[in-house]
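A short write-up of the structure that comes next.
Only a predicted model underlies this, so the values are computations on that prediction, with no experimental measurement involved. Numbers here are sequence positions counted from 1.
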Amino acid sequence: MTTEFAPAKVNLTLHVTGQREDGYHLLDSLVMFADVRDRLDIFSANTLSLTVEGPMADGVPADMANSILKCAQLFKPQDDGAAFLLTKNLPASAGIGGGSADAAAAFRGLLDHWGPKAPETLFHKGFDPAELSAEETSKISAQLKDLGADVPVCLFSRTARMQGIGEKLSFYRSLPSLNAVLVNPGIAVSTPAVFKELKSKKNGPMPTPPQHFGRTKDLIAWVADQRNDLQRPAVTLFPEIGYVLRALEFSNGCKLSRMSGSGATCFGLYENERFAQAAATRLTQLHPDWWVKSCVLGG
């Protein structure tokens, strides 16, 4: 058995800078990954199959509509298969890359599971950005981008600036970790609908983040000066997101509240772990139907 984990992706910023002729939107985003994650176990089998369990399993497809099986089908050896068991802890259609993170976990796990049988199209050098050239990183991204725009960055699960349609990655190794609370009000958001509601598709790019911040509060202040261009249209379509943002904003110790990706998950950033955990406990008490997790981003 091979086990991989699929951490939640959090877009601290998300600037929409244009739209290509094929409809894909151009993005500029600073991404961190949380210590909240799905688990993927891979077992030997003659065919491909997927079982989904866990607290967020309801509604998650277990057929070829699932990104895990799409990834496996794309790269599997001719006469082999794999049986996947996904423990779903992250909400789906939530703006934190759950499906993309699962596909990336499948890719990493299958390299180990299939070993020498894995086709040459799989990348065998590993996934530490410090060990890869920009050309090699681009090669990996090109192999996986058709599975979803977030799959390349989720493959590495490292703090990164994500540009283009998600295939251009620049990694940040020295940014401080952030104490955060993730909240989802229990609604699935349509990413195409949110983009359609966005009035301007050509907005200013994100300034290049410094490679170093002296203090955590300096990083939070820098993030606060940036945007998520999808937040306003998402709140317009799904007012529940606005309620979550306000609940986070007014929680004790919160320095910034913002939506991740196209929603509906939002995050609050806190000055320390104690404030984050206390806020998560209080929000869970006030809104037991919300998905609420205290976590650490980066690190």
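- Contact check on E271 versus K255 returns a salt bridge, with a Lys/Arg side-chain nitrogen under 4.0 Å from an Asp/Glu carboxylate oxygen.
- The closest side-chain donor-acceptor pair between S294 and Y270, if any, does not fall under 3.5 angstrom.
- The line from NZ of K217 to CG of N272 is 13.0 Å long, rounded to the nearest 0.5 Å.
- For Y172 (side chain) and P210 (main-chain N/O), no donor-acceptor pair under 3.5 Å exists by modelled atom type.
- Among all heavy-atom pairs drawn from N228 and S260, the shortest one is ND2-C, 4.1 Å.
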Ignoring hydrogens and angles, write down the donor-acceptor pairs under 3.5 Å from the side chains of residues 62-70, residues two or more places apart or on other chains.
residue	atom	partner	partner atom	Å
D63	OD1	A65	N	3.0
N66	OD1	I68	N	2.9
N66	ND2	P61	O	2.8
S67	OG	G99	O	2.7

> Given N179 and F275, is the side-chain contact (heavy atoms from CB on, under 4.5 Å) satisfied, shown in steps?
Replying inline: CA-CA 9 Å; N179 292 289; F275 278 116; over 6 Å; no
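- Looking at heavy atoms from C-beta onward, Q277 lies out of side-chain contact with C295 at the 4.5 angstrom threshold.
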>> Evaluate K76 against W114 for side-chain contact (heavy atoms from CB on, under 4.5 Å), listing each step before the verdict.
In response: CA-CA 8 Å; K76 84 178 189 71; W114 281 332; 3.1 Å; yes
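- Between L26 and V16 there is no side-chain heavy-atom pair separated by less than 4.5 Å.
- Rounding to the nearest 0.5 Å places CD of E240 at 9.5 Å from CH2 of W290.
- Heavy atoms from other residues, nucleotides or ligands lying under 6.0 Å from CZ of F5 number more than 12.
- One hydrophobic cluster, built from ILVMFWY side chains closer than 4.5 Å, holds both F267 and I96.
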> Between C266 and V244, does a side-chain contact (heavy atoms from CB on, under 4.5 Å) hold up when you go through it step by step?
Replying inline: CA-CA 7 Å; C266 301; V244 171; 3.7 Å; yes
>> Between L110 and F75, is the side-chain contact (heavy atoms from CB on, under 4.5 Å) condition met? List the steps.
In response: CA-CA 9 Å; L110 289 171; F75 295 113; 5.8 Å; no
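- L269 and M259 sit in two unconnected hydrophobic clusters of ILVMFWY residues. Membership requires side-chain heavy atoms under 4.5 Å apart, directly or through other members.
- For the pair L12 and L297, the minimum side-chain heavy-atom distance is below 4.5 Å.
- The CG atom of L155 lies 6.0 Å from the CZ atom of F107; values are rounded to the nearest 0.5 Å.
- For A94 against N184, the heavy-atom pair with the smallest separation is CB-ND2, 3.5 Å.
- Checked by atom type and distance alone, the side chain of S251 never pairs as donor or acceptor with a backbone atom of C254 at under 3.5 Å.
- Remark: side-chain polar atoms of R282 are not paired, donor with acceptor, to backbone N or O of N252 under 3.5 angstrom.
- Note: F195 and H25 have parallel aromatic rings, judged against thresholds of 30 and 60 degrees for the angle between ring planes.
- Scanning all heavy atoms of the two residues, the minimum distance from T17 to P205 falls at CG2-CA, 3.7 Å.
- Residues V153 and A160 come closest through the heavy atom pair CG2-CB, 4.0 Å.
- Counting only heavy atoms from C-beta outward, the side chains of D289 and H287 approach each other to under 4.5 Å.
- Atom CZ of F213 has more than 12 neighbouring heavy atoms from other residues, nucleotides or ligands inside a 6.0 Å radius.
- Atom CG of L14 sits about 8.5 Å away from atom OG of S262, to the nearest 0.5 Å.
- Between the OG atom of S200 and the CG atom of D229 there is a distance of 8.0 Å, given to the nearest 0.5 Å.
- Remark: the backbone N or O of W222 is paired with a side-chain donor or acceptor of Q226 at under 3.5 angstrom.
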Which pairs of donor and acceptor atoms, one on a side chain in residues 27-47, lie under 3.5 Å apart (sequence neighbours left out)?
residue	atom	partner	partner atom	Å
D28	OD1	R161	NE	2.8
D28	OD1	R161	NH2	3.4
D28	OD2	R161	NH2	2.8
D28	OD2	M206	N	3.1
S29	OG	N11	ND2	2.8
S29	OG	T13	O	2.5
D35	OD1	V296	N	3.0
D38	OD1	N89	N	2.7
D38	OD1	L90	N	2.9
D38	OD2	K88	NZ	2.7
R39	NE	D41	OD1	3.0
R39	NE	D41	OD2	3.1
R39	NH2	D41	OD1	3.2
D41	OD1	T3	OG1	2.6

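- Closest approach of A6 and D102 over heavy atoms only: CB-OD1, 3.4 Å.
- The same ILVMFWY cluster, assembled from side-chain heavy atoms under 4.5 Å apart, contains both L111 and V151.
- When atom types are taken as modelled, the side chain of D218 and the backbone of R215 share a donor-acceptor pair closer than 3.5 angstrom.
- Shown here is R232, whose CZ atom has no more than 12 heavy atoms of other residues, nucleotides or ligands within 6.0 Å.
- Remark: the S100 side chain and the D150 side chain contain no N/O donor-acceptor pair separated by less than 3.5 Å.
- With rounding to the nearest 0.5 angstrom, the CD atom of Q231 is 4.5 Å from the CG atom of L245.
- Grouping the Ile, Leu, Val, Met, Phe, Trp and Tyr side chains by contacts below 4.5 angstrom, directly or via other members, places V10 apart from V292.
- Taking both residues in full, the closest heavy atoms of G97 and C154 are given as O-SG, 4.2 Å, listed atom of the first, atom of the second, then distance.
- Linking ILVMFWY residues whenever their side-chain heavy atoms come closer than 4.5 Å, directly or via other members, leaves L85 and V52 in distinct clusters.
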